[in-house]
2 protein chains.
Amino acid sequence: MILVKQSVLRLFQYRDFLIRSKKLGKESIFSDDFAENLGTTSIQVRKDFSIFGLSGNKRAGYKVDELLKQLNDVLKKDEKQKVIIVGAGNIGKALMKYDGFREGGLEIVALFDNDSKAQNEKAKPPVLALEQLYGFINENKIELGVIAVPYHSAQQVLDIMILAGIKGVMNFAPIALKAPKNFYINDMNLKIELESIAYFVKSLKKKRT
Amino acid sequence: MILVKQSVLRLFQYRDFLIRSKKLGKESIFSDDFAENLGTTSIQVRKDFSIFGLSGNKRAGYKVDELLKQLNDVLKKDEKQKVIIVGAGNIGKALMKYDGFREGGLEIVALFDNDSKAQNEKAKPPVLALEQLYGFINENKIELGVIAVPYHSAQQVLDIMILAGIKGVMNFAPIALKAPKNFYINDMNLKIELESIAYFVKSLKKKRT
DNA sequence: GAATTATTGTGAAACGATTCACTTAAATAA
DNA sequence: TTATTTAAGTGAATCGTTTCACAATAATTC
Ligand SMILES: NC(=O)c1ccc[n+]([C@@H]2O[C@H](COP(=O)([O-])OP(=O)(O)OC[C@H]3O[C@@H](n4cnc5c(N)ncnc54)[C@H](O)[C@@H]3O)[C@@H](O)[C@H]2O)c1
Ligand SMILES: NC(=O)c1ccc[n+]([C@@H]2O[C@H](COP(=O)([O-])OP(=O)(O)OC[C@H]3O[C@@H](n4cnc5c(N)ncnc54)[C@H](O)[C@@H]3O)[C@@H](O)[C@H]2O)c1
């Protein structure tokens, strides 16, 4: 199966759109609706579905309930995913307070910080000491993590996470982390994304002078 | 010039690494060092440089100062970029408090929020009312913005920004925004990125059973 | 009930990005 | 001084993704 990475990201977006449409009472949706909603083309949408064996109805689009069920299956949205966040600073806390994750089946079950002032066992979710990281992951069989610590601590934190059983992380530290091959890392370099917008904006200006 | 988008992102990362290396007293760097630091290959690094006409010294790598100057030139890092953030909630405030942007020449000059409780004209940077958005952009000739409002407000906020003269935004709202062709939008869909990590982790597991 | 229309479905072509395979040249060794 | 080594530089091949072109078919119209 080719074309996977980008298609999977879009499938998750199609799913979100389906959920919103269902809430509005829609019963069927066309590939054009998906395209319009997420800024792509209907060809792209159908191709994505085609790759994963998802099919609709000629001239009648896709039945919302049916496609949602198929999509949940393909995207393995069977059970809740527990997530931990290491680093309870700006980013860590912002993610913690966001409740949109729940809809995607993601539950932030704990944060970890080495600064005792940031810790709070009673909070929901609790903010625990770094020393508890290994044990918590291990006991609760956590597989997903977020790294939101300064860049000079990121690798050492990741090493603990890997050892304890985490299988993939979203990383906000601006550094390339080292991990085994079967470990999945998604780097979110916000600073560079913003800098590049500045660059492309300047480029666009040049072109139209 | 082909291969641009991804290469530009990497060039910004090379630049960050150069700056850090310079601080450590390094005077020259090899393509292998760049590759190692940001998790790619030396071939990729040299190709990126080659595309933008950046050159080093056979068998002696790249002179830090020289390359940095060339890179600043290519990446148009000539002057400070002023940035505004709309939505002073979790994400908006997290970005506001981050001081790593300054190093990249990005300065957050104001936030905007329609909730009067969030507003504070005296803060640094100030959190202003939504009504001030148009005037502020216009008077201060701002070109870059961040959208950190709930998804149902994102398009209306963007429309004001475009009208007032913004040329590109980083968007955290999980929705595809409509904008003119010469406008640059960078979508950061954190929820979907995290969901996709869960998916790929599950896929990896299957493969090695 | 035949013709037309609207929409899905998909192999093949095109495009964009990465990697390969090789050339070049400076530094070091012999 | 010549040979060897090491790293940069790059056109061409490959790979992954998107787009095209057209087939299939269900719904609608005539
Ligand atoms: N905030 C942003 O907008 C932003 C933007 C771009 C990049 N980033 C990156 O994201 C990461 C987090 O940024 P932030 O603004 O949230 O930083 P922050 O300083 O607000 O938070 C970092 C937290 O990590 C904790 N910490 C430090 N070392 C630790 C360790 N070894 N184990 C556990 N906890 C530890 C600190 O006590 C602190 O609470 C950084 O790497 C930063 O470069 C942040
Ligand atoms: N926080 C996260 O971790 C996270 C994760 C994924 C996506 N997002 C997305 O990022 C966006 C911001 O998330 P957040 O958690 O910071 O939300 P938030 O609710 O904490 O903040 C949103 C802020 O925008 C303000 N606002 C609302 N309508 C406005 C308008 N029309 N003009 C100006 N300000 C307005 C609100 O008063 C609030 O202060 C949302 O679209 C959310 O879906 C956030």
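Below, read A as the first sequence line, B as the second, and so on, with proteins coming before strands; counting in each chain starts at 1. Everything quoted here is computed from the prediction, not taken from an experiment.
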request  = Indicate yes or no: does A:K76 engage B:E195 in a salt bridge with an N to O separation below 4.0 Å.
outcome  = no

ask   = Within this structure, what is the NZ-to-P distance between A:K47 and D:dT18, rounded to whole angstrom?
value = 11 Å

inquiry  = For A:Y184 and B:F200, take the angle between the two ring planes, folded into 0 to 90°, and tell me which bin it lands in: parallel under 30, tilted 30 to 60, perpendicular over 60.
reply    = parallel

d(CD1, A:I43; C1', C:dA12) in whole Å = 13 Å

key: Under-3.5 Å donor-acceptor pair between B:R59 side chain and D:dA7 base   = no

request  = Specify the separation, in whole Å, of atom CZ of A:F49 and atom P of D:dT18.
outcome  = 14 Å

query = Would a distance-only check, ignoring hydrogens and angles, find a side-chain to backbone donor-acceptor pair under 3.5 Å from B:D113 to B:A88?
reply = yes

message = Under 4.0 Å, heavy atoms only, any strand: does A:S42 hit a base, just the sugar-phosphate, or nothing?
response = nothing

message = Determine whether A:N189 and A:F172 satisfy the following criterion, side chain to side chain contact (heavy atoms under 4.5 Å, CB included), listing intermediate values before the conclusion.
response = CA-CA 6 Å; A:N189 196 323; A:F172 285 91; over 6 Å; no

Interatomic distance where CD belongs to A:Q6 and C1' belongs to C:dA17 [whole Å] = 12 Å

request  = From the options D:dT18, C:dT24, D:dA26, select the nucleotide whose nearest atom is closest to the side chain of A:K58.
outcome  = D:dA26

message = Side-chain N or O of B:R46 versus OP1/OP2 of D:dG9: is the shortest distance under 4.0 Å?
response = no

request  = Describe the nucleic acid contact of B:N57 in one word from base, sugar-phosphate, nothing, applying a heavy-atom distance below 4.0 Å.
outcome  = sugar-phosphate

message = What's A:Y62 touching, base or sugar-phosphate or nothing? Going by heavy atoms closer than 4.0 Å.
response = sugar-phosphate

key: Distance, rounded to the nearest Å, where B:F52 contributes CZ and D:dG9 contributes P   = 15 Å

note = Between B:K178 and B:I162 the two heavy atoms that sit nearest each other are O-CD1, 4.3 Å

Rounded distance in Å - CG (A:D48) to C1' (D:dT19) = 12 Å

ask   = Roughly, in whole Å, what's the span from CG in B:D33 to C1' in D:dT6?
value = 14 Å

query = Within less than 4.0 Å of OP1 or OP2 of C:dG9, is there a side-chain N or O belonging to A:S50?
reply = no

message = Nearest whole Å is fine: how far is C:dG9 C1' from A:F34 CZ?
response = 15 Å

